[in-house]
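Data first, discussion second: the structure below is written as structure tokens.
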Amino acid sequence: VMLSLACIGYAEEPQERIKNSLGMEFVLIKPGKFLMGSPEDEPGRYTGESLHTVSLTNPFYMQTTEVTQAQWQALMGENPSSHKRCGDDCPVEQVSWEDTQRFIQKLNQKEGTDKYRLPTEAEWEYACRAGSTTAFPNGGITTLQCGVDDNLNAIAWYCGNSQNLVKPVAGKKPNAWGLYDMLGNVQEWCQDWFGVYPDDEVVNPQGPKKGSYRVMRGGVWYSPARDARSASRFGSPPHYRFQHIGFRLSVTP
């Protein structure tokens with residue numbers, strides 16, 4: 001069943017949540033149609049963000065926060081993070097896309113399922129936008145660099161407010177669908193290979209069949225505001241580990 005933007009994403013809508021054995025919390029994201037990318041007049045826009053219509057026909061659960069150091073440690077028995085001093089509730093980082101796949105495999109085994117995975121790039125942006133069409137889920141962008149942007153400051157850690165430090169998850173307001181730190185803090189791996197957006201409307205896109213880079217989304221604690229927009233997209237080789245890249249999981253119902 002297709003839902004229009006008018007039908008979805010009211011902040012007051014009760015959102016179904018589930019919790020797993022590691023204490024990860026997930027919120028149900030309902031199917032819908034949205035504009036992925038950015039309009040040509042959006043300040044800070046990069047090429048490669050061409051606006052196109054995406055239909056997501058299946059519900060999915062999205063983790064409400066980035067995977068934390070404690071959650072990684074509990075499952076994997078070690079903590080690869082560069083920023084261990086930040087603490088258990090800080091995002092795990094210094095994990096490659098390939099590392100996330102090992103984590104997912106182990107979590108699926110632990111819980112006797114095959115439903116944990118990374119979100120697709122389209123699912124990620126749909127969940128991040130939470131029904132919005134503006135640069136940020138809660139409104140437009142007023143600075144491209146590290147100045148104070150009231151909208152971004154309310155929901156994200158970026159170079160304008162982070163004191164150049166990674167932060168514990170859920171320290172800022174969530175978006176309208178109950179998701180924290182979708183922008184800023186650490187960048188997040190997505191499932192897809194990085195590629196050029198299609199021109200036409202697409203249904204449940206999975207990205208290119210092959211590539212050299214996996215998609216990363218969401219900006220970083222030291223990002224300028226333009227890199228923390230909902231439409232900003234980056235890519236990295238799947239074996240690379242960086243101190244600013246983490247991830248959050250999705251669950252197929």
Whether the [X] and [Y] side chains hold a donor-acceptor pair (N or O, under 3.5 Å, no angle test) is what I'd like checked.
| X | Y | result |
| --- | --- | --- |
| Gln69 | Asp88 | no |
| Asn161 | Asn153 | yes |
| Ser250 | Gln63 | no |
| Glu93 | His244 | no |
| Thr120 | Gln191 | no |
| Asp149 | Thr142 | yes |
| Asn20 | Tyr116 | yes |
| Lys167 | Ser162 | no |
| Ser232 | Asp227 | no |

In the structure I gave you, are the side-chain heavy atoms of [X] and [Y] within less than 4.5 Å of one another anywhere?
| X | Y | result |
| --- | --- | --- |
| Pro43 | Leu144 | yes |
| His52 | Leu35 | no |
| Ser132 | Thr134 | yes |
| Leu165 | His83 | no |
| Arg241 | Asp99 | yes |
| Pro91 | Asn185 | yes |
| Pro137 | Leu183 | yes |
| Thr65 | Asp89 | no |

Who are the side chain to side chain donor-acceptor pair (under 3.5 Å) partners of [X], not counting sequence neighbours?
| X | result |
| --- | --- |
| Asn151 | none |
| Glu188 | Trp124, Arg248 |
| Glu78 | Trp72 |
| Arg129 | Glu125 |

Crowding at NZ, Lys173 (>12 non-hydrogen neighbours, <6.0 Å): no
OH (Tyr213) with more than 12 external heavy atoms under 6.0 Å: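 No, OH of Tyr213 has 12 or fewer neighbouring heavy atoms, counting only those of other groups under 6.0 Å.
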Working to the nearest 0.5 Å, report the span between [atom1] of [X] and [atom2] of [Y].
| X | Y | atom1 | atom2 | value |
| --- | --- | --- | --- | --- |
| Met62 | Glu25 | CE | CD | 14.5 Å |
| Phe34 | Tyr126 | CZ | OH | 8.0 Å |
| Ser55 | Asn204 | OG | CG | 8.0 Å |
| Glu42 | Leu51 | CD | CG | 9.0 Å |
| Ser96 | His239 | OG | NE2 | 8.5 Å |
| Lys30 | Asn58 | NZ | CG | 15.0 Å |

Taking every non-hydrogen atom, the tightest pair across [X] and [Y]:
| X | Y | value |
| --- | --- | --- |
| Thr143 | Ala225 | O-CB, 3.1 Å |
| Asn175 | Ala127 | ND2-O, 2.9 Å |
| Gln187 | Phe234 | NE2-CD1, 3.0 Å |
| Cys159 | Pro224 | SG-CA, 3.6 Å |
| Pro253 | Lys115 | C-NZ, 3.5 Å |
| Gln94 | Ser81 | CB-CA, 4.3 Å |

Ring-face cation contact, Tyr46 with Arg226, 6.0 Å cut, 45° max: yes
Geometric cation-pi criterion Arg214 and Trp189, 6.0 Å radius, 45° cone: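 Arg214 over Trp189 ring: no.
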Looking at [Y] and [X], is there a salt bridge between them, counting it only when a charged N and a carboxylate O are closer than 4.0 Å?
| X | Y | value |
| --- | --- | --- |
| Glu49 | Arg233 | no |
| Asp181 | Lys172 | no |
| Glu40 | Arg45 | no |
| Glu123 | Arg217 | no |

Glu111 side chain to Asn108 backbone, donor-acceptor under 3.5 Å: no
Same apolar cluster: [X] and [Y], side chain cutoff 4.5 Å:
| X | Y | answer |
| --- | --- | --- |
| Ile18 | Leu28 | yes |
| Tyr180 | Trp177 | no |
| Val95 | Leu22 | yes |
| Tyr61 | Leu107 | yes |
| Ile141 | Met36 | yes |

Where at least one partner belongs to residues 29-120, residue pairs that pass disulfide (SG to SG under 2.5 Å), sequence neighbours excluded: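 Those involving residues 29-120 are Cys86-Cys90.
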Audit row: Arg229, Phe136, side-chain contact (heavy atoms from CB on, under 4.5 Å) steps and yes/no: CA-CA 6 Å; Arg229 293 170 303 110; Phe136 306 128; 4.0 Å; yes
Residues Ile245, Val220; criterion side-chain contact (heavy atoms from CB on, under 4.5 Å); working and verdict: CA-CA 8 Å; Ile245 306 179; Val220 186; over 6 Å; no
Results of disulfide bond (SG atoms under 2.5 Å apart) for Cys190 - residues two or more places apart only: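 Cys190: no disulfide bond (SG atoms under 2.5 Å apart) contacts found.
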Distance flag, aromatic centroids of Phe247 and Phe103, threshold under 6.0 Å: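 When the ring centroids of Phe103 and Phe247 are compared, they turn out to be within the sub-6.0 Å range.
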Intermediate values then yes/no, side-chain contact (heavy atoms from CB on, under 4.5 Å), Val186 and Trp221: CA-CA 6 Å; Val186 294; Trp221 74 86; 4.1 Å; yes
Audit row: Val202, Thr53, side-chain contact (heavy atoms from CB on, under 4.5 Å) steps and yes/no: CA-CA 6 Å; Val202 283; Thr53 302; over 6 Å; no
